[in-house]
K.L.:
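Have a look at the structure that comes next, please.
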Amino acid sequence: MTKTALICGVSGQDGAYLAQLLLNKGYQIWGTSRDAQMSSFKNLVRLGIKEQIKLTSMALNDFRSVLQVLLKVEPDEVYNLAGQTSVGLSFEQPVETLESIATGTLNLLEAIRFTGAPIKFYNAGSSECFGDIGDTSATETTPFRPRSPYAVAKSTAFWEVANYREAYGIFACSGILFNHESPLRPERFVTQKIIATACRIAQGSQETLHLGNISVERDWGWAPEYVEAMYLMLQHDHPDDYVIATGESSKLEDFVAQVFTCLGLNWQDHVVTDKSLFRPTDLAISRGNPAKARNQLGWQAQYKMRDVVKMMVEDKQNS
Ligand SMILES: NC(=O)c1ccc[n+]([C@@H]2O[C@H](COP(=O)([O-])OP(=O)(O)OC[C@H]3O[C@@H](n4cnc5c(N)ncnc54)[C@H](OP(=O)(O)O)[C@@H]3O)[C@@H](O)[C@H]2O)c1
């Protein structure tokens with residue numbers, strides 16, 4: 001029987017790749033946007049799958065809207081990838097961030113409970129929840145010490161998922177995903193900003209790349225692989241939470257150097273550090289230990305930071 005998946009936030013990077021993956025597996029896909037009439041769904045267009053997806057509007061912070069969509073779609077699986085996703089912006093819009101992530105997740109869980117249907121639920125957690133853990137790799141049992149409004153909201157949503165799983169037996173999982181990139185990343189995220197600016201410089205632009213703290217270390221993976229982990233969590237025999245990461249971290253400076261090297265340039269000639277771009281609080285090192293996902297789901301990242309940079313630079317040069 002054809003399964004139906006509802007992807008909340010289908011217009012985003014992960015939503016588009018997940019929709020592609022599930023279409024290839026024979027799913028019927030419904031996708032939501034805050035305003036499906038106005039959104040161009042350019043990521044879906046870019047992947048050539050927009051016409052295969054049923055699109056509908058849904059306001060995650062409005063229980064009535066969430067419930068109506070669930071009753072209309074009757075999904076087997078719900079993937080919640082929507083919400084305010086920028087750590088930087090969360091310092092400027094803390095209420096919007098908390099509402100879209102924490103209230104949004106709660107509304108979905110409540111609506112699933114209300115319908116009483118055996119709907120499986122995936123929620124997009126975040127490595128930002130761990131905060132600063134020094135030079136160690138976070139696992140599923142590492143305590144949360146969130147350091148941004150975004151991380152506070154994601155931590156809240158994580159415990160909502162755990163609570164609904166325990167209290168009501170809902171098949172609900174959180175993926176605690178570390179940074180994952182792709183050509184579908186918007187330019188307000190630093191990785192795509194670096195690549196887009198470096199490519200323009202390589203084509204003769206005289207601009208300078210302004211960056212905040214480039215000594216931070218992150219665990220960067222490839223987004224199309226990370227959506228596979230989401231799918232696998234909902235196919236497992238029991239619901240649980242998983243760290244999804246490559247297991248390797250690199251300094252942002254190394255990411256920058258790698259991008260410019262790919263373009264035959266020396267990064268130090270083109271980059272300036274801009275104190276105004278530093279965040280009020282930031283994480284020095286972020287690295288995950290994906291052993292549980294490897295052992296229980298058979299999931300492992302094939303692509304590491306250098307591969308990700310190469311694929312993103314190549315895509316930008318060809319676009
Ligand atoms: N990419 C990563 O490295 C990473 C790492 C850890 C966790 N995550 C989480 O994984 C999920 C997917 O990430 P992504 O990179 O695909 O994000 P994304 O590209 O920014 O997409 C998120 C989608 O959420 C919707 N959205 C944006 N602001 C919203 C708001 N204030 N209220 C409600 N909806 C809003 C947007 O859809 P509409 O405009 O169409 O409504 C947007 O397309 C997110 O929850 C993100 O926080 C991502």
Side-chain angles (χ1 to χ4, degrees), residues 7-9 12-15 17-18 60 79-94 96-106 108-109 121-133 136-163 172-182 184-186 188-192 216-223 225-230 233 240-247 249 252 279-290 292-293 299 301:
I7 301 177
C8 309
Q13 168 190 266
D14 291 4
Y17 284 123
L18 180 66
L60 268 178
Y79 294 85
N80 179 24
L81 310 178
Q84 199 296 100
T85 60
S86 159
V87 176
L89 188 61
S90 79
F91 288 99
E92 313 300 324
Q93 300 183 359
E96 172 71 15
T97 303
L98 196 78
E99 210 176 79
S100 64
I101 295 174
T103 308
T105 305
L106 191 56
L108 276 166
L109 286 162
F121 180 63
Y122 170 84
N123 197 51
S126 168
S127 55
E128 290 286 327
C129 297
F130 294 121
D132 252 329
I133 57 163
T136 60
S137 301
T139 70
E140 293 76 7
T141 56
T142 303
F144 286 174
R145 293 197 178 83
R147 301 198 67 192
S148 64
Y150 170 81
V152 170
K154 285 289 186 189
S155 302
T156 307
F158 175 90
W159 288 114
E160 288 167 359
V161 169
N163 179 239
C173 307
S174 288
I176 311 172
L177 271 60
F178 282 67
N179 295 51
H180 45 282
E181 313 293 323
S182 79
L184 302 189
R185 264 294 214 197
R188 76 187 157 105
F189 287 91
V190 71
T191 47
Q192 190 67 286
V216 297
E217 245 177 72
R218 294 290 181 268
D219 180 329
W220 280 292
W222 182 235
E225 287 193 321
Y226 282 45
V227 300
E228 280 180 40
M230 301 173 187
M233 281 179 222
D240 208 341
D241 307 317
Y242 296 88
V243 163
I244 301 299
T246 69
S249 60
L252 183 60
R279 288 174 182 164
T281 46
D282 208 344
L283 314 185
I285 303 176
S286 174
R287 185 171 56 242
N289 176 350
K292 182 175 169 186
W299 181 89

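Quick note: numbers below take in every heavy atom, side chains included, and nothing from hydrogens, waters or symmetry partners.
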K.L.:
Would you name the heavy atoms of G288 and V243 that are closest together and state the gap between them?
P.N.:
CA-CG1, 4.1 Å
K.L.:
Taking side chain as C-beta onward, heavy atoms only, is L108 less than 4.5 Å from L60?
P.N.:
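Yes - at least one pair of side-chain heavy atoms lies under 4.5 Å apart.
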K.L.:
Just wondering, do S182 and W222 contact through their side chains at under 4.5 Å, heavy atoms?
P.N.:
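With C-beta onward as the side chain, the pair touches.
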K.L.:
For the atom pair CD (E96) and CD1 (I101), what is the distance rounded to the nearest 0.5 Å?
P.N.:
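Answer rounded to 0.5 Å: 9.5 Å.
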K.L.:
Stepwise, does the salt bridge (charged side-chain N to carboxylate O under 4.0 Å, His left out) test hold for D282 with R147?
P.N.:
CA-CA 7 Å; D282 208 344; R147 301 198 67 192; over 6 Å; no
K.L.:
To the nearest 0.5 angstrom, please state how far the CE atom of M233 sits from the CG atom of D240.
P.N.:
9.5 Å
K.L.:
Any chance you could measure N179, atom CG, to T191, atom OG1, to the nearest 0.5 Å?
P.N.:
8.0 Å
K.L.:
Between D241 and S174, which heavy-atom pair has the shortest distance, and what is it?
P.N.:
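What the structure gives for the nearest pair is OD1-N, 2.9 Å.
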K.L.:
Looking at every non-hydrogen atom in both residues, tell me the closest pair between S249 and I285 and how far apart they are.
P.N.:
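Heavy-atom minimum between the residues: OG-CG2, 4.4 Å.
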K.L.:
In the structure I gave you, are the side-chain heavy atoms of F158 and N163 within less than 4.5 Å of one another anywhere?
P.N.:
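Not in contact.
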K.L.:
Please lay out, stage by stage, how R279 and V87 fare under the test side chain to side chain contact (heavy atoms under 4.5 Å, CB included).
P.N.:
CA-CA 9 Å; R279 288 174 182 164; V87 176; 3.7 Å; yes
K.L.:
Taking the six-membered ring for Trp, are Y79 and Y122 parallel (under 30°), tilted (30 to 60°) or perpendicular (over 60°)?
P.N.:
tilted
K.L.:
Would you compute the distance between atom CG of L98 and atom NZ of K154 and round it to the nearest 0.5 angstrom?
P.N.:
11.5 Å
K.L.:
Just by modelled atom types, is the L283 backbone N or O under 3.5 Å from a matching donor or acceptor in the E217 side chain?
P.N.:
no
K.L.:
List the atom of W299, the atom of E225, and the distance in Å for their closest heavy-atom pair.
P.N.:
NE1-O, 2.9 Å
K.L.:
Would you tell me whether Q84 and S100 have side-chain atoms, one donor and one acceptor, within less than 3.5 Å of each other?
P.N.:
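S100 and Q84 do not have a side-chain donor-acceptor pair below 3.5 Å.
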K.L.:
Rounded to the nearest 0.5 Å, how far does OG1 of T103 lie from CD of E160?
P.N.:
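The distance works out to 7.5 Å.
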K.L.:
I want to check something: taking the side chain as every heavy atom from C-beta on, are L177 and M230 in contact at a cut-off of under 4.5 Å?
P.N.:
yes
K.L.:
Would you please test W159 and V161 for side chain to side chain contact (heavy atoms under 4.5 Å, CB included) and show each step?
P.N.:
CA-CA 5 Å; W159 288 114; V161 169; over 6 Å; no
K.L.:
Quick one, T246 and F178 - any side-chain contact, counting heavy atoms below 4.5 Å?
P.N.:
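A side-chain contact under 4.5 Å is absent here.
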K.L.:
Looking only at heavy atoms, what is the nearest atom pair of G221 and Y226, with distance?
P.N.:
CA-OH, 3.4 Å
K.L.:
Just so I know, are the side chains of I133 and T142 near enough to count as touching, which here means a heavy-atom distance under 4.5 Å?
P.N.:
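I133 vs T142: side chains touch.
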K.L.:
When you compare the side chain of L252 with that of R218, does any pair of heavy atoms fall below 4.5 Å?
P.N.:
no
K.L.:
Hey, which of T85, L81, I7 is the one that makes side-chain contact (heavy atoms from CB on, under 4.5 Å) with D14?
P.N.:
L81
K.L.:
So, applying side-chain contact (heavy atoms from CB on, under 4.5 Å) with Y150, which one of S90, P94, C129 is it?
P.N.:
S90
K.L.:
Where do I176 and S126 come nearest, in terms of heavy atoms and distance?
P.N.:
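Here I176 and S126 meet closest at CG2-O, 3.6 Å.
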K.L.:
Looking at R188, I want to see if its CZ is surrounded by more than 12 non-hydrogen atoms of other residues, nucleotides or ligands under 6.0 Å.
P.N.:
yes
K.L.:
Return the CZ to OG distance between F130 and S286, rounded to the nearest 0.5 Å.
P.N.:
8.5 Å
K.L.:
Kindly indicate whether the side chain of T105, heavy atoms from C-beta on, has any atom under 4.5 Å from the side chain of N80.
P.N.:
yes
